Every structure is written in structure tokens, then in C-alpha cells.
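Following: one structure in C-alpha cells, then a few remarks.
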There are 2 protein chains.
Amino acid sequence: MANEPTRIMLGVNESTIKGYPHPSISSRKAFEWTLQKIVRSNTSGFKLQFLHVQVPDEDGFDDMDSVYASPEDFKNLKNRDRARGLHLLEFFVDRCHAIGVACEAWIKRGDAKEVICREVKRVQPDLLVVGCRGLGPFQRVFVGTVSEFCVKHAECPVITIKRSAEETPQDPVDD
Amino acid sequence: MANEPTRIMLGVNESTIKGYPHPSISSRKAFEWTLQKIVRSNTSGFKLQFLHVQVPDEDGFDDMDSVYASPEDFKNLKNRDRARGLHLLEFFVDRCHAIGVACEAWIKRGDAKEVICREVKRVQPDLLVVGCRGLGPFQRVFVGTVSEFCVKHAECPVITIKRSAEETPQDPVDD
């Protein structure tokens, strides 16, 4: 059996619920599931690769009250996004470090589903794990455009981990 | 971390290429991938559950030259199907036994995609692995109705393992 670890890429994103940059429920769920069900005690057998895709804030909702008066302002905006992304990745890297699982993490900008598939092509992981909102208790429409796209187009096996009903916030569109 | 092994259900079927009941290319691929990339050296951490769904032979193609003259003939037919299914499962159980991975295997009859989802509901594995034909070198249509259905409807995470191009037989509809 080969000695290189199994490389598992995880697409992770921020929660939509609060402004504070903590991982979404479905990202955390996908991560915990991977550790419990796949990695288990075999910490040297796996390497986790965390990819966070930042979506350019097209409608500028978060920045409604901001005033852009100079190129410097835009630079500050980019730095702020970068800091949020780093903070998010730190959560996952810290956990891996604590339990002794090798990992790496990086940030890309663009459309999440397309960037994830492009990064799979480039990095060639053995497996891609993506979380998705799944079905909330009062919801009939499946919320998983990113995961559905990746299952179809990513050039490696893909596992979709759905949030469970009890992990779903009051408004199932939140994550 | 829990001590119970991670239970991985694998849907396995016969090859369509020859009459002899050996596993399909995609079933074997899904099995080998699971051992190499997930189980690895942690043989006590996993239990494999092989489900073979026999599709009732509606058009009777295999039995074109058979003559059914008594109830006994139908019983013989059922016994023959059963023997083929057992032979198929024996392949996987033997391999698991040889490398020391716990397993169990069983046969059900019916529509593969529906039976697999029903068995997931009943057995509640941690993960379902299904092979699929994927894209052949000269083929544009995705051949994976069972896997696509399971990804959407099975009540557990699902991995679809595609055959690679070099494993695809001349006629990509074969498996």
C-alpha cells in the first residue's frame, strides 16, 4: 500500500449568520465528519487541504456605509477580506495541528463551484469533501448548487455532507 | 473518538461483459479505491457492507432457450440467480477476509437505485460508495442513473467512483 497520505480537499466557507468570520455550520460539519468517519485514529494516513473561495462582493451589501475616496480605501477593503479568510482558515489549521493531521490551506477568489473544480484539477486530491445546507425542516428545495456542481464536474470522487435537521438554523437559508 | 468502526456500504453488481458472474469494472474500482484511499492500513477501523441488488430479468433475454414446464423450473431459475449473486459476493468477502477488514454481504431483488436507498435507511451506514461507468473515451452521455439517484436520495453521505478512461471497455456501455 502506498505511503503517501490520502489527500482530502475540503471546500470551506464562512457562516452567513453573523458578521464575525467563523466557519459555516455545513463546513464545520463536513470537517468533523471527515475526522470522525474517515481519518479516525489514522492521523498520519491523511492530509487535509482546505480551500476557501472568497466571492467578490458584487452588490456591496456589506459596504453600504463605506465611502471610497482613494485607491487606498479599496486596498484596505481587500486587506479586510484577506484577514477574514485567514481567520477562517486558522480555525481548521489549528484543529488539525492539535490532533496531528497534516494540512494546508489557501484562499482563492471567484465563483466557488468553478474555483473548487479548477483547484481539484490543479492539486489532484484523492477526494473532495463539500458541505451543503441540505434540507431544512420546513424546506422543500435542496440548497446545494456548489455541491451539486462539484459532484458532476470535479475530476475526483466527491462526498457531499448535508447538515442534519437539528443543526439547521431557524432560517434554513442561513448557514 | 468512538470505537465502533466506520460502516461503509458498497453497492456491487455483476459485469455485463461476460456471462460468468464476476464483478463489474466499476464495482471493483469502487472497492479497490475504498481500500486504498479510505481504509488504508487502519483495517480495524472500518466495516464494509456489500449489497448486491439483483434486477428481475424482465425481458428474459438470458433465458431465451429455456423451457419452463413445471414450477420446479422456476425454482431452478431462482436458485441459479442466487448462486450467481453468492459467487459475486464471495469475491468481495474473500478479499476482505484476506486483508483483515470486517465485512458483511447480502442480496436483495428489485430496482437497484431504490433498493440501495431503502437499505441505507434500514442499515444506516456512515457512508455509501457506488461505482459508475462515468464517461467513456468516445461518449458524451453520463452513464450513472443509479449513482445520481443515490447521491440525491440516500440518507447518508455518498461517494461516486467513476471508472477511469483506461478502464473503460471498447463499448463504454459495458461494465
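In this text, all values refer to a predicted model and were calculated from it rather than measured experimentally. FYI, side chains are in, hydrogens and waters are out, and symmetry mates aren't considered; it's all heavy atoms of this structure.
- For A/Arg118, the side-chain contact (heavy atoms from CB on, under 4.5 Å) partners at least two apart in sequence or on another chain are A/Lys108, A/Val115.
- Taking each heavy atom of B/Lys162 and A/Lys152 in turn, the nearest pair found is NZ-O, 4.4 Å.
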Under 3.5 Å, which donor-acceptor pairs do the side chains of residues 90-101 of chain A form with other protein atoms, sequence neighbours left out?
| residue | atom | partner | partner atom | Å |
| --- | --- | --- | --- | --- |
| A/Arg95 | NH1 | A/Glu32 | OE1 | 3.2 |
| A/Arg95 | NH1 | A/Glu32 | OE2 | 2.5 |

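- Here B/Ile159 contributes atom CD1 and A/Thr160 contributes atom OG1; the two are 10.0 Å apart, rounded to the nearest 0.5 Å.
- The residue from A/Gln36, A/Lys37, A/Arg40 that alone fulfils the side chain to side chain donor-acceptor pair (under 3.5 Å) condition with B/Thr6 is A/Arg40.
- At least one side-chain heavy atom of B/Ser41 sits less than 4.5 Å from a side-chain heavy atom of A/Asn42.
- Across all their heavy atoms, B/Trp33 and A/Leu127 have their closest contact at CH2-CD1, 3.8 Å.
- Proximity to chain A (any heavy atom under 4.5 Å) is shown, for B/Ala30, by neither the backbone nor the side chain.
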